[in-house]
Structure formats: structure tokens, C-alpha cells
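Since the structure comes first, as C-alpha cells, the remarks are kept for the end.
Letters go in sequence order (proteins before strands), and every chain restarts at 1. The structure presented is a predicted model; accordingly, all values stated were derived computationally and were not measured.
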Amino acid sequence: MLDLKYLRDSLDQAEQRLATRGEAVNLTGFRALDQRRRELLGESESLKAEKNRVSTLIGQSKDKSAVQGEIVRMKEVSARIKTLEDELKGVEDELQQLLLMVPNIPHEQCPVGASEAGNREVRRWGEPPVFDFEAKPHWEIGEKLGIIDFERAGKITGARFSLLFGAGARLERALISFMLDLHTGSHKYVEVLPPFMVNRESMRGTGQLPKFEDDLFHTADPDYFLIPTAEVPVTNIHRDEILAGADLPICYTAYTPCFRREAGSYGKDTRGLIRQHQFNKVELVKFVLPEEGDQELEKLLRDAEEVLRRLQLPYRVVDLCTGDLGFSAARTFDIEVWLPAQGTYREISSCSSFRDFQARRASIRFRREEGARPEFVHTLNGSGLAVGRTLVAILENYQQADGSVTVPDALRPYLGGMERIGG
RNA sequence: GGAGAGGUGGCCGAGCCGGCUGAAGGCGCUCGCCUGCUAAGCGAGUGUACGGGGUCAACCCGUACCGAGGGUUCGAAUCCCUCCCUCUCCGCCA
């Protein structure tokens, strides 16, 4: 959510910067609503002051019959206040609805562009492997090895689900442990294991609601949502809190499954593990001082990259342009891993700064020192990494001519020393 | 799922036969005094949001907030209704 006072003072600038996102952002009506709100507030609050003053006098008077006229008058004042407040509530609801639908303002260093095509490659790491045979897609490799079964997953649940067996299941688990150990050990994140279902307030806090309800799995009773990313429960850990400035940055890492409806992606990535309704992810989340946001994002990005470096998987980093940013993000770097069968880089991590956008929605604040005014923190997060896609990358990049798959060195301790799957 | 108890300021905890309670008291914290050091002691201060004013920073005024939302009343932390959450006992259960 954007700052009401900023919008009031710099509406034109806000509109211009939002326009670089491409989609039309509707701020019409904001000014009128804001002004009406302040008029109603002014009138009802001065009437309340009057009411409070007179009511105290009535309470103090010995002779109630002497103040009968005031009682009658206050009755009318109260009725008037009620009318004003009803209208005020309507106006505030409308204003709130409007503000909750407005996306974040892009960071000034974001490349400006209308779509994915405007993204800027920042760096590449590693060399795509060269095979003396035709590289197979991971679903063929996995099914041949008997470690991935899409057909039975479809029977059990439906499309876009998967079933892992044996070394496949173990590899997935190994990746989770490996990533968590790296981030808690070398990178000093605190491991958390949050709820996988959250309430509406949490979803609103990070920005999934109210705009993207269609993308979420929902339970009817109670009214909960399955998390689409650990960002939601982990960022909301500190919702409605005031943190001590000295405690910042606060860094968490969490493994969770993620659940996404993938509405509107019919026909995309229909085969394989790339796009699933349920997938595992290890997430990194930070709460930082506003002035340290940019450098903390850079560090978070490096921490996520480190996973691929240790696994010796080639990747590149892309700086998303204004038109490709997510709703809540001010700045995003995607990490894309090389997938030989597709002959292209595919997203495996997305590292974003939300600045104070989520903090304002979720009311996450801090004090620089004891007694200082609360300020909003900046929130950051990134995948470190998407586990399913990492498994895909390993199967494809480490595949051998005979259909077996070599286990990356860094993972062997997590697989009881296993050096190869199949073969 | 059944029965009962309760949700008050950073924390503990009064108030709950309606008004003078943003809210007693204690703890914590900040500043000052005192003190060979420490501890103790003494004094003052110590929430947030919104709106208005302002030398637009410190500050001043107003309003709101005693789990959430409604209601009664001139006036509600205090009375009534609905919902949420926590705790205890029973049942069920990984």
C-alpha cells in the first residue's frame, strides 16, 4: 500500500511512475475521496468535542432538570454524528479498497519496459554443459529412472501434481536440507517452519489479497488459504509489531510447500515439474532498515545464487523491468537456471524488495532507538531456491548418455554418499 | 464436539452497581538528583493512529483506541447482542 500523504502531495508523480508498469492504474477519484474524508472527519470530530464537553457538564450537575435542554440538544448532536460517521465509513472503505488495489511504485533504478522483453541481464555464471547425445527433458529422465510418476499423481489428485519415488523423493528432501543448512550456516538466516495455511489478513499484508484471490487455494470453513509462498506466513510473523532498530536486519529462511492455482496458465509448461499446483521452496525473508534495503537485496540475491554455484548449475541474473514487476515489488532480480532440454534459462528464484509497501499493509514498524517515532521497515524476500525446479535442473544438467544422473558433489553427503542415480 | 474461566497500556495487574480513567498500583525504560564503585533511594517523564494548527523540527489542539463489530445512553473499559481468540476439564485424535 502506498502512503496516503505521499499520494495526496504528489499524485501526478505517483501516476507517472505507476504508468511505467504498463497496466492502467486507476487513481481517479482518489482526490475527491480523500478530500471528502477530511471534511467529514473535521465536522464529526468537532461535534464529538462538543458532545464530550457538554456530557461532562451534565454529569457534574446536581440538578438534572436544569440541564434537560442540553440533554435534548446532545441527543440531536449524537444523531448528527451518527449520520456523518456512516458516510465517513463508506468513504473510508472506498478509499481503502482503492488503495489496496494500487501496485507498488517501481524502484528508480528499475529498467523501464513494457514486458519481459525489457528485462536486463545482469550477469551469467557457469557454462551450459555440452552433450555428445541429445539432451532429454527431465520428465523423460525421471520417468525412465522410475523416480517421477506424473500419471499416478494425476490419478491421485489431478493435473499439475507429481509423485516422487525412491532416489527422486530423497533428492528432493536432500535439496531442502542442503539449502536450509547453507542459509542458516553460512548466511546466518534463522530457520522457521511456519503454518502452510493463513488467514485473510496475512494474505492482505503481503499483497496477494484482495486482487489475486483467483490464484489461491482456499478453504471454506474456516476461511483460510493455502500459502502460495513462504513469503506470506514468514513476512506476517511481525505483522502489527514494532521492532527494535538494533535487531534489524532480521533474516529468516523457511522451507514450505507452495500451492498455486495457476489460473490462466493453461497450456503453459503442461509437461514436467516446471509448473505445478504444489511445489517445495526454500524462502529467504528479511526485515531491514529502509536505507539498507538496496544492499540487503543484493546480499539476499547473492545468497540465493550461492545455492546454484555450489550445485555447479549454470545460471544468469535478470533485473526485471517496470512492466514485469509483481504487484507488491519495487525491484526484482530473477535468477534463471540453464535447462539443456529447453535450451534456455528458466526462472528458479525471484528476489524482491517491497520497500515499505508490505510493511505499511501489514503494519510492520521499528524504532531507531528507544522512544523514537515508529517507522516502517523494508521487507525483502527471494527463493533460495524453488526446490522442484532445482531438481529439474540437476536431472537435465547432470544427465548421462546411459540415462543415469550424476549427483552433484555438494549433495552427496545428504544422499548417504550416493554418486549417481540409475545406471 | 461438550462444560466452565478469561481477553485492559512494553509487561504484570486494578477498575467492571456508567460520568472527574489514556486509564490506579507495580515492574521495565528515559532523564535529573544523591552516592568511593555497585545496589538501594528521591524527583520528573514514558502508547499509537488520524485530523487541524505551526518558525511545518522539537511543539500545541482535537478525535479515536481497554480482543473485533454492532446496540442502549446526554455520556460505556464499565450495561446488552454477535463474532474471534486464549486457558482449564471431558470427549476424539497424528
Side-chain angles (χ1 to χ4, degrees), chain A residues 1-10 30-100 193-205 209 219-225 233 236-248 250 257 356-377:
Chain A
M1 199 154 63
L2 301 177
D3 182 12
L4 193 68
K5 294 195 181 81
Y6 167 72
L7 284 179
R8 191 179 292 155
D9 296 339
S10 319
F30 167 79
R31 247 195 238 290
L33 280 172
D34 180 54
Q35 196 175 334
R36 184 64 187 144
R37 169 173 175 270
R38 283 184 290 163
E39 285 167 8
L40 289 165
L41 256 186
E43 191 177 348
S44 80
E45 287 191 351
S46 60
L47 284 175
K48 281 188 199 169
E50 161 85 353
K51 182 192 76 176
N52 288 343
R53 191 177 58 77
V54 174
S55 289
T56 303
L57 291 177
I58 293 172
Q60 287 167 342
S61 74
K62 303 279 186 289
D63 180 6
K64 294 301 179 210
S65 63
V67 293
Q68 204 49 48
E70 293 294 72
I71 290 178
V72 172
R73 193 164 70 82
M74 284 309 105
K75 205 182 181 79
E76 285 162 7
V77 168
S78 282
R80 173 70 183 148
I81 291 172
K82 175 110 178 58
T83 308
L84 289 169
E85 297 225 303
D86 286 347
E87 192 189 341
L88 180 63
K89 190 172 187 316
V91 169
E92 289 194 325
D93 284 351
E94 226 180 305
L95 194 59
Q96 186 72 359
Q97 278 312 110
L98 185 91
L99 288 176
L100 285 173
L193 187 62
F196 301 159
M197 288 192 239
V198 301
N199 56 33
R200 279 182 186 274
E201 289 68 41
S202 293
M203 284 293 185
R204 194 182 311 120
L209 290 182
T219 64
D221 186 17
D223 181 29
Y224 292 156
F225 295 87
N236 278 283
I237 287 174
H238 295 300
R239 171 153 52 87
D240 296 323
E241 291 185 13
I242 300 177
L243 306 165
D247 292 342
L248 301 178
I250 294 172
D356 61 4
F357 187 85
Q358 293 181 327
R360 183 171 282 108
R361 287 182 162 237
S363 188
I364 307 169
R365 295 175 292 172
F366 75 99
R367 287 185 217 274
R368 289 188 185 273
E369 53 211 67
E370 195 101 31
R373 287 221 167 284
E375 299 172 52
F376 289 111
V377 301

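Both A:Arg38 and A:Gly59 lie near RNA chain B, and the one whose nearest nucleotide falls closer to the 5' end is A:Gly59. Along RNA chain B, the nucleotide nearest A:Glu92 and the nucleotide nearest A:Gln60 are compared for position; the residue whose nucleotide lies closer to the 5' end is A:Gln60.
Evaluation of atom-type donor-acceptor distances gives no pair under 3.5 Å for the side chain of A:Glu45 against the base of B:G51.
To the nearest whole angstrom, the two P atoms, one in B:C42 and one in B:G52, are 45 Å apart. Comparing the C1' positions of B:C11 and B:G28 gives an interatomic distance of 7 Å, to the nearest angstrom. A distance of about 37 Å separates the C1' atoms of B:A57 and B:G67, rounded to the whole Å. Nucleotides B:G36 and B:A40 have their C1' atoms positioned 16 Å apart, rounded to a whole Å. Comparing the same atom, P, in B:G15 and in B:C74 gives a spacing of 29 Å after rounding to whole Å. For the C1' atom pair drawn from B:U88 and B:G26, the interatomic distance equals 28 Å after rounding to whole Å. Rounded to whole Å, the C1' atom of B:C65 lies 26 Å from the corresponding atom of B:A5.
Distances shorter than 4.0 Å separate some side-chain N or O of A:Ser78 from OP1 or OP2 on B:G75. The shortest distance between the side-chain N/O atoms of A:Asn52 and the OP1/OP2 oxygens of B:A64 is below 4.0 Å. The shortest distance between the side-chain N/O atoms of A:Lys5 and the OP1/OP2 oxygens of B:G51 is below 4.0 Å. Regarding contacts with the backbone of B:C74, a side-chain N or O of A:Lys75 is found under 4.0 angstrom from either OP1 or OP2. Side-chain nitrogen and oxygen atoms of A:Arg373 include none within less than 4.0 Å of the OP1 or OP2 phosphate oxygen of B:G47.
Among the atoms of the strands shown, none is found under 4.0 Å from any heavy atom of A:Arg73. Looking at heavy-atom distances under 4.0 Å, A:Arg8 makes contact with sugar-phosphate atoms alone, never a base. Among the atoms of the strands shown, only primed sugar atoms or phosphate atoms (P, OP1, OP2) are found under 4.0 Å from some heavy atom of A:Leu41. Using a 4.0 Å heavy-atom criterion, one finds that A:Arg53 contacts no nucleic acid atom at all.
Of all nucleotides listed (B:A64, B:C50, B:U48), B:A64 comes nearest to the side chain of A:Lys48. Distances were taken from every side-chain heavy atom of A:Ser55 (C-beta onward) to each of B:C85, B:U48, B:G19; the shortest belongs to B:G19.
Looking at A:Gln97 and A:Leu100, their side chains come closer than 4.5 Å, going by heavy atoms from C-beta outward.
With respect to A:Glu94 and A:Arg36, no salt bridge is recorded, no charged nitrogen being found less than 4.0 Å from a carboxylate O. Using a 4.0 Å cut-off between a side-chain N of Lys or Arg and a carboxylate O of Asp or Glu, A:Glu70 and A:Arg73 qualify as a salt bridge.
Atom NZ of A:Lys51 is separated from atom P of B:G62 by 16 Å (rounded to the nearest Å). Rounded to an integer number of Å, the gap from A:Leu243 CG to B:G10 P is 14 Å. Rounding to whole angstrom units, CD1 of residue A:Ile81 and C1' of B:G71 are separated by 16 Å. The nearest whole Å value for the distance from the CG atom in A:Asp223 to the C1' atom in B:C84 is 13 Å. Rounded to a whole Å, the CZ atom of A:Arg200 is 15 Å from the C1' atom of B:C84.
If you check the side chains of A:Asn199 and A:Ser202, you find a donor sitting under 3.5 Å from an acceptor.
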Item checked: Evaluation steps, side chain to side chain contact (heavy atoms under 4.5 Å, CB included), between A:Lys51 and A:Ile81 -> CA-CA 10 Å; A:Lys51 182 192 76 176; A:Ile81 291 172; 4.2 Å; yes
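Applying the 6.0 Å contact sphere to OH of A:Tyr224 captures no more than 12 heavy atoms from other residues, nucleotides or ligands.
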